[in-house]
Novice: 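Next up is a structure, given as structure tokens.
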Amino acid sequence: MDFEQPLFFKKQKDLHGMLNFTGLDKDCLLQFAMHDMTEEVDVVVVGSCMTDLVSQAPRLPKAGETIHGHKFFIGFGGKGANQCVQAARLGAKTAMVCKVGKDFFGDNYIQNFKDNGVSTAFVEQTAEAATGAASIIVNDAGENAIVIVAGANMLLGKEELQRAQAALKKAKVVVCQLEVSPDTSLKALQMAQQNHVMTIFNPAPAISDLHADFYKASDIFCCNESEAELLTGCPVASVEDAGRVGLELLKRGCASVIITLGPQGCVVLQSKDPTPKHVPTTKVTSVDTTGAGDSFIGALAFYIAHYPTMPLEEMARRANLIAAMSVQTTGTQTSYPFKKDLPTELF
């Protein structure tokens with residue numbers, strides 16, 4: 001894939017080699033790398049990397065059932081990495097804070113970040129666990145079922161955040177999810193917010209006992225209908241339901257809430273104007289919905305970084321359109337559009 005990398009990213013490419021070759025203290029080298037990058041990074045994503053093992057089949061199997069699929073491929077996924085790559089493909093200068101295994105999948109993931117112009121200064125490898133993996137089945141209707149094994153993702157902790165603190169403090173946007181330790185995500189959000197950096201939190205995969213501080217640390221709390229239902233106990237089957245649930249989430253301390261509704265678009269609420277606003281989207285024929293929510297959040301992070309005065313509903317409308325593009329192609333990151341492939345009016 002041809003992708004012109006800015007000089008800043010080229011400076012980061014050999015950091016992992018430097019660590020092995022020089023024997024210098026890792027923290028010193030990472031701080032050296034940060035000396036050049038802190039003024040330039042737009043979006044920092046703290047989160048997961050997953051190797052996607054994807055099977056396409058006519059339908060999803062029932063419990064205990066074996067069925068024949070018609071295609072298999074290996075791809076790059078993980079909510080954090082997906083969001084980071086989508087933001088980068090739209091033109092944001094991005095950095096990923098994550099952990100992968102010292103294995104074939106980990107090596108390939110680092111190269112994938114470089115290929116997409118994502119800084120790997122804070123992508124660390126460990127021999128203590130394998131790179132995270134996701135087994136995905138996609139049916140002919142584009143629906144999916146996913147099993148994830150977090151692996152190295154769960155070893156991302158406060159030490160890694162400390163090494164990345166200069167980026168977290170000077171980014172325009174910090175994005176977190178729940179495919180790494182919740183404590184790590186919460187700490188990253190708080191570090192960003194304390195330094196007046198905009199935060200986006202995607203509570204996925206959702207947990208029913210989410211710590212109350214997550215809401216207060218979220219400038220934008222963005223979840224889908226099933227995640228919103230798990231968090232509040234209220235079913236979300238319509239735009240009206242989403243509005244009611246969004247108000248409940250606002251009461252918990254979020255500055256803004258976005259509830260995504262797939263083909264129905266999303267509902268946006270803000271503490272300064274809590275009236276729910278429905279943002280519809282263009283209807284498309286879905287081929288594969290895997291990673292569509294991550295495409296939305298990556299696009300949202302891009303717009304916040306590049307168009308900070310744009311109304312949140314307009315950012316959401318444009319992010320909806322970009323996510324709608326992604327569901328029309330098979331795969332996760334392979335389905336994410338580049339800026340050059342999108343209508344100029346989105347920029």
Novice: Test Gln125 against Asp107 for side-chain hydrogen bond (donor to acceptor under 3.5 Å, both in side chains), laying out the working first.
Specialist: CA-CA 9 Å; Gln125 286 186 280; Asp107 293 343; 2.9 Å; yes
Novice: Has the side chain of Ser238 got a donor or acceptor atom that lies under 3.5 Å from a matching backbone atom of Asp241?
Specialist: yes
Novice: What is the distance from atom CD1 of Ile259 to atom CD of Gln264, rounded to the nearest 0.5 Å?
Specialist: 12.0 Å
Novice: Checking side-chain contact (heavy atoms from CB on, under 4.5 Å) for the pair Phe113/Cys98: CA distance, chi angles, key distance, verdict?
Specialist: CA-CA 11 Å; Phe113 281 135; Cys98 63; 4.0 Å; yes
Novice: Sub-3.5 Å donor-acceptor pair from the side chain of Ser48 to the main-chain atoms of Asn153, do we have one?
Specialist: no
Novice: Within a strict 4.5 Å, meaning less than it, do heavy atoms of the Leu230 and Glu227 side chains meet?
Specialist: no
Novice: Is a side-chain N or O of Gln193 found less than 3.5 angstrom from the main chain of Gln190, in a donor-acceptor match?
Specialist: no
Novice: Between Lys79 and Asn202, does the side-chain contact (heavy atoms from CB on, under 4.5 Å) criterion hold? Intermediate values first, please.
Specialist: CA-CA 9 Å; Lys79 288 185 174 296; Asn202 173 217; 4.1 Å; yes
Novice: Treating Ile, Leu, Val, Met, Phe, Trp and Tyr as nodes and any side-chain heavy-atom pair under 4.5 angstrom as an edge, say whether Phe76 and Ile148 lie in one connected cluster.
Specialist: no
Novice: Considering only heavy atoms from C-beta outward, does the side chain of Val45 approach that of Gln177 to under 4.5 Å?
Specialist: yes
Novice: Check step by step if salt bridge (charged side-chain N to carboxylate O under 4.0 Å, His left out) holds for Lys93 and Asp42.
Specialist: CA-CA 5 Å; Lys93 292 169 183 164; Asp42 295 326; 5.8 Å; no
Novice: State yes or no: do Leu249 and Val175 share one hydrophobic cluster built from I, L, V, M, F, W and Y residues joined by side-chain heavy-atom distances below 4.5 Å, directly or via other members?
Specialist: no
Novice: To check you understand the geometry: which heavy-atom pair defines the closest contact between Ala228 and Val245, and what is its length?
Specialist: CB-CG1, 3.7 Å
Novice: Assess the residue pair Asp52 and Ile74 against the criterion (side-chain contact (heavy atoms from CB on, under 4.5 Å)); give the C-alpha distance rounded to whole Å, side-chain angles, the decisive distance to 0.1 Å, and a yes or no.
Specialist: CA-CA 6 Å; Asp52 288 344; Ile74 298 175; over 6 Å; no
Novice: Spell out, as yes or no, whether a donor-acceptor pair under 3.5 Å connects the side chain of Thr232 to the backbone of Cys234.
Specialist: yes
Novice: Can any side-chain N or O of Asp219 pair as donor or acceptor with the backbone N or O of Thr199 at less than 3.5 Å?
Specialist: yes
Novice: Once you round to the nearest 0.5 Å, how far does CD of Gln270 lie from CG of Asp273?
Specialist: 7.0 Å
Novice: Which atoms form the tightest heavy-atom contact between Cys84 and Val118, and what is the distance?
Specialist: SG-CG1, 3.7 Å
Novice: At what distance, to the nearest 0.5 angstrom, does CD1 of Ile304 lie from CD1 of Ile297?
Specialist: 10.0 Å
Novice: How many angstroms lie between CG in Asp294 and CD in Gln333, if you round to the nearest 0.5 Å?
Specialist: 9.0 Å
Novice: Where the side chain of Ser256 meets the backbone of Ile220, is there a donor-acceptor pair that is under 3.5 Å apart?
Specialist: no
Novice: Do Phe72 and Phe104 sit in one hydrophobic cluster, given that two such residues count as connected whenever their side-chain heavy atoms are within less than 4.5 Å of each other, even indirectly?
Specialist: yes
Novice: Determine, using the 4.5 Å side-chain heavy-atom cutoff (strictly less than), whether Leu269 and Phe201 are members of one ILVMFWY cluster.
Specialist: yes
Novice: Working to the nearest 0.5 angstrom, can you tell me the gap between His306 NE2 and Lys172 NZ?
Specialist: 6.0 Å
Novice: Might you point out which heavy atoms bring Ala152 and Gly101 nearest each other, and give the distance in Å?
Specialist: CB-N, 3.8 Å
Novice: So Ile137 and Asn144, do their side chains get closer than 4.5 Å, heavy atoms only?
Specialist: no
Novice: Is any side-chain heavy atom of Asn116 closer than 4.5 Å to one of Asn112?
Specialist: yes
Novice: Is a side-chain donor-acceptor pair under 3.5 Å present for Asn224 with Thr260?
Specialist: no
Novice: I would like to know whether Arg163 and Glu124 meet salt bridge (charged side-chain N to carboxylate O under 4.0 Å, His left out); could you show each step before the answer?
Specialist: CA-CA 11 Å; Arg163 288 192 279 270; Glu124 298 189 22; 2.9 Å; yes
Novice: Check for me, please, whether Tyr336 and Val43 land in the same ILVMFWY cluster - side-chain distances under 4.5 Å, paths through other members count.
Specialist: no
Novice: If I compare all heavy atoms of Val287 with all of Thr329, which pair ends up nearest, and what's the gap?
Specialist: CB-N, 4.3 Å
Novice: Flag the pair Glu314 and Arg318 as a salt bridge only when some basic side-chain nitrogen lies within less than 4.0 angstrom of an acidic carboxylate oxygen.
Specialist: yes
Novice: Check for a donor-acceptor pair, side chain of Thr131 on one end and backbone N or O of Gly106 on the other, with a separation under 3.5 Å.
Specialist: yes
Novice: To the nearest 0.5 Å, how far apart are CD in Gln165 and CE in Met191?
Specialist: 5.0 Å
Novice: Could you check whether Gln111 and Asp115, counting side-chain N and O atoms only, form a donor-acceptor pair closer than 3.5 Å?
Specialist: yes
Novice: Quick one: closest heavy-atom pair of Pro337 and Met325, and the distance?
Specialist: CG-CB, 4.2 Å
Novice: Can you tell if the side chain of Glu128 reaches within under 4.5 Å of the side chain of Leu155, non-hydrogen atoms only?
Specialist: yes
Novice: Is the number of heavy atoms from other residues, nucleotides or ligands within 6.0 Å of NE2 (His68) greater than 12?
Specialist: no
Novice: Please test Phe105 against Tyr109 for ring pair (Phe, Tyr, Trp, His ring centres under 6.0 Å), starting from the C-alpha separation and ending with a verdict.
Specialist: CA-CA 6 Å; Phe105 290 139; Tyr109 220 123; 9.6 Å; no
Novice: Is there a side-chain contact (heavy atoms from CB on, under 4.5 Å) between Val138 and Glu143 once you walk through the steps?
Specialist: CA-CA 6 Å; Val138 183; Glu143 299 166 327; over 6 Å; no
Novice: State, yes or no, whether a side-chain contact exists between Ser119 and Met96 at a heavy-atom distance under 4.5 Å.
Specialist: no
Novice: Would a 4.5 Å heavy-atom cut-off, applied to side chains only, mark Leu247 and Pro274 as touching?
Specialist: yes
Novice: According to the interplanar angle, ranging from 0 to 90°, do the rings of Phe347 and Phe302 count as parallel (below 30°), tilted (30 to 60°) or perpendicular (above 60°)?
Specialist: perpendicular
Novice: Do the charged groups of Glu248 and Arg252 touch, with an N to O distance under 4.0 Å?
Specialist: yes
Novice: Check whether any side-chain heavy atom of Val180 lies under 4.5 Å from a side-chain heavy atom of Ser185, and answer yes or no.
Specialist: yes
Novice: Minimum heavy-atom separation for Val267 to Ala242, with atom names?
Specialist: CG2-CB, 3.8 Å
Novice: Report yes or no: does Ser295 contribute a side-chain atom to a donor-acceptor pair with the main-chain N or O of Gly291 at less than 3.5 Å?
Specialist: no
Novice: Do NZ/NE/NH1/NH2 and the carboxylate oxygens of Glu65 and Arg59 come within less than 4.0 Å?
Specialist: yes
